[in-house]
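Take this structure, written in structure tokens, and hold onto it; I'll ask about it next.
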Amino acid sequence: MEKIQMKTPLVEMDGDEMTRILWKMIKEELLLPYIDLKTEYYDLGLAHRNETDDKVTMDSALAAKKYGVAVKCATITPNAARMEEYHLKEMWKSPNGTIRAALDGTVFRAPIIVKGIEPCVRNWEQPITLARHAYGDVYKNAEIKVEGPGKAELVFTAADGTETRELIHTFAGPGVLQGIHNTEQSVRSFARSCFNYALDTKQDLWFATKDTISKKYDHTFKDIFQEVFDREYKEAFARAGIVYFYTLIDDAVARVMKAKGGFIWACKNYDGDVMSDMVSSAFGSLAMMTSVLVSPDGIYEYEAAHGTVQRHYYKYLAGEETSTNSVATIFAWTGALRKRGELDGILELCAFADRLENATVRTIEDGRMTKDLALITTLKDVTVLNSEAFIREIRKTMETLS
């Protein structure tokens, strides 16, 4: 069979540990036999990030801006233990955070629906996509531990030296302070990414904060979303037959639990962090979750939503058999290939991405799966496969669909 030809490269961001091993298997078994794969390769493994003083991460983000589509393997965000293990020069920042900031992007995560892996919420019939703002709030906070009595104030000094002060609290004893911020530019980018993605996927968009309590901070998010929607997207949403609405975060949680799914739920940074894990776990597994970073100017970076599977990697290094779920990593590749095909007008590439996803789902639904899924499936008499065997079974299934 003649390989599918690509016009424009994907930006390929390799990663760490067990997901790096799976990355290589996926390419060799599921991609290279069928596609004349063109990628611009960047090694974001922790050792190489350390060698380059993490310059490689920014280089990969700039390449994503150049080519428009990237695919990323899971990577390590180092802590003190990793500093020692990898002999790091310093505790490098999260690659995901660096790339999100560089692309000004919003993260969209959605579960992969498979028969036999049933959601804990019985009325969820379609995926719920979480849109997470990727800037500011608690992730860029400033903190002070208060040792005794005193007055805490919020102070803003304008460029002309003018000060604005707001009393936070008068402490009678020890306590703790936290300051958070955001920017209008970032919130507007977040809003546009959400509205564009809703139009792209033809899904309703919900946005939720707590503006009744946070009358300036959260209310600013609400106001900007409404302003951007009314001015730039209202007519397009009407033509597409989809809706946008705002609701309080606690009301959204109640509504989500009773909904059937099939919509996008946009949240501020911390809310999105927590709720995406809740939704993914309720649907079955973090390893069955798609994740795409979308910039307001249409740059897409696809990745697996989970970590590097450190425990399995150590087993692999010891020569022991592993049964690691590669579905999210496969879907990162298919998402990127489909988007590349859409942008370059290569219908065969889009069709291949669809076929590989269908083969992956069908393999599981036929009862052939990794151990993590076997522990939660409602299917009977399933076959538990090791990491490599599962990928090979997907290839067999794909051959029957061609």
Side-chain angles (χ1 to χ4, degrees), residues 6 8-17 19-20 23 37-78 82 86 88-109 131-137 139-140 182-183 185-190 192-194 196-197 200 269 272-273 276 290-308 328-329 331-333 335-340 342-344:
M6 293 176 62
T8 312
L10 290 172
V11 177
E12 179 185 352
M13 305 173 180
D14 209 346
D16 286 297
E17 298 188 321
T19 45
R20 188 183 182 97
W23 193 262
L37 192 63
K38 289 182 171 61
T39 71
E40 186 164 302
Y41 179 86
Y42 293 86
D43 184 359
L44 300 193
L46 186 52
H48 191 243
R49 278 185 275 145
N50 191 57
E51 289 172 11
T52 64
D53 295 331
D54 209 26
K55 183 177 179 294
V56 65
T57 304
M58 182 54 70
D59 288 345
S60 72
L62 294 175
K65 284 186 174 184
K66 177 181 177 180
Y67 292 108
V69 184
V71 58
K72 179 181 174 296
C73 184
T75 47
I76 295 169
T77 299
R82 297 296 203 171
Y86 282 86
L88 301 181
K89 300 173 187 175
E90 62 180 84
M91 200 176 294
W92 305 112
K93 295 179 180 179
S94 160
N96 289 344
T98 299
I99 294 166
R100 287 172 195 161
L103 301 184
D104 194 19
T106 295
V107 179
F108 296 88
R109 289 183 172 174
R132 175 188 170 187
H133 188 209
Y135 177 81
D137 298 344
Y139 300 89
K140 281 190 173 289
N182 230 291
T183 69
Q185 179 183 348
S186 179
V187 178
R188 289 183 189 279
S189 294
F190 175 39
R192 289 191 179 100
S193 292
C194 290
N196 287 336
Y197 197 74
D200 195 28
N269 207 347
D273 191 2
S276 64
T290 64
S291 183
V292 56
L293 178 72
V294 183
S295 76
D297 52 350
I299 298 163
Y300 294 78
E301 183 250 303
Y302 296 82
E303 62 181 341
H306 55 72
T308 58
T329 306
F331 272 63
W333 273 104
L337 290 167
R338 183 184 295 105
K339 181 56 66 175
R340 183 80 278 161
E342 290 173 2
L343 294 177
D344 290 353

- Is there a side chain to side chain donor-acceptor pair (under 3.5 Å) between His133 and Ser186 once you walk through the steps? CA-CA 9 Å; His133 188 209; Ser186 179; 2.8 Å; yes
- Item | Under 3.5 Å donor-acceptor, Asp273 side chain and Asn269 backbone | no
- Phe108 and Ser193 have their tightest heavy-atom pair at CZ-O, 3.5 Å
- Note on the structure: The single option from Asn96, Thr75, Thr52 that satisfies side-chain contact (heavy atoms from CB on, under 4.5 Å) with Leu44 is Thr75
- Do Val69 and Leu343 pass the side-chain contact (heavy atoms from CB on, under 4.5 Å) test, and can you show the C-alpha distance, the side-chain angles, and the key distance before you say yes or no? CA-CA 9 Å; Val69 184; Leu343 294 177; 3.6 Å; yes
- Message: Working note: Glu12 + Tyr42, criterion side chain to side chain donor-acceptor pair (under 3.5 Å); need CA distance, chi angles, decisive distance, verdict.
- Response: CA-CA 6 Å; Glu12 179 185 352; Tyr42 293 86; over 6 Å; no
- Task: Evaluate side-chain contact (heavy atoms from CB on, under 4.5 Å) for Asp200 paired with Lys339, printing each intermediate quantity in order.
- Result: CA-CA 11 Å; Asp200 195 28; Lys339 181 56 66 175; 3.4 Å; yes
- Message: Which heavy atom of Tyr135 sits nearest to which heavy atom of Lys140, and what is that distance?
- Response: CE1-CE, 3.4 Å
- Message: With a 3.5 Å distance limit and no angle check, can you tell me whether Asp16 reaches the backbone of Ile76 through a side-chain donor-acceptor pair?
- Response: yes
- Task: Please examine the side chains of Arg188 and Thr183, heavy atoms only from C-beta on, and report whether any two atoms are closer than 4.5 Å.
- Result: no
- For Val71 and Ala336 the tightest heavy-atom approach is CB-CB, 3.8 Å
- So Thr39 and Val11, side-chain contact (heavy atoms from CB on, under 4.5 Å) or not? Walk me through it. CA-CA 6 Å; Thr39 71; Val11 177; over 6 Å; no
- Residues pairing under salt bridge (charged side-chain N to carboxylate O under 4.0 Å, His left out) where one sits in residues 88-105, two or more places apart or in two chains, turn out to be Asp53-Lys89
- Task: Please check if the side chain of Asp137 supplies one atom and the backbone of Tyr139 the other of a donor-acceptor pair under 3.5 Å.
- Result: no
- Message: With rounding to the nearest 0.5 angstrom, report the CD1 to NZ distance, Ile299 to Lys66.
- Response: 13.0 Å
- Message: A cation-pi test, strictly: NZ or CZ of Arg340 under 6.0 Å from the centre of the six-membered ring of Tyr302 and no more than 45 degrees from its axis. Yes or no?
- Response: no
- Item | From NZ (Lys72) to OG1 (Thr329), nearest 0.5 Å | 10.0 Å
- Message: Could you measure the distance from the OG1 atom of Thr290 to the CZ atom of Phe331? Nearest 0.5 Å is fine.
- Response: 8.0 Å
- Message: If you compare all heavy atoms of Ala332 against all heavy atoms of Ala304, which two are closest, and at what distance to 0.1 Å?
- Response: CB-N, 4.0 Å
- Query: Parallel under 30°, tilted from 30 to 60°, perpendicular over 60°: which one fits the rings of Trp23 and Trp333?
  - Reply: tilted
- Query: Counting only N and O atoms by type, is there a donor-acceptor contact under 3.5 Å from the side chain of Arg20 to the main-chain atoms of Gly15?
  - Reply: yes
- Item | Met58 versus Ala102, closest heavy-atom pair with distance | SD-CB, 4.0 Å
- Item | Steps toward side-chain contact (heavy atoms from CB on, under 4.5 Å) verdict (Leu88, Arg49) | CA-CA 9 Å; Leu88 301 181; Arg49 278 185 275 145; over 6 Å; no
- Message: Any non-hydrogen side-chain atom of Leu293 less than 4.5 Å from a side-chain atom of Thr106?
- Response: no
- Are Glu301 and Val292 side-chain neighbours, meaning at least one heavy-atom pair lies under 4.5 Å? no
- Between the main-chain N or O of Met13 and the side-chain N or O of Asp43, is there a donor-acceptor pair closer than 3.5 Å? no
- Closest approach of Arg109 to Ser291 (non-hydrogen atoms, all atoms of both residues): NE-OG, 3.2 Å
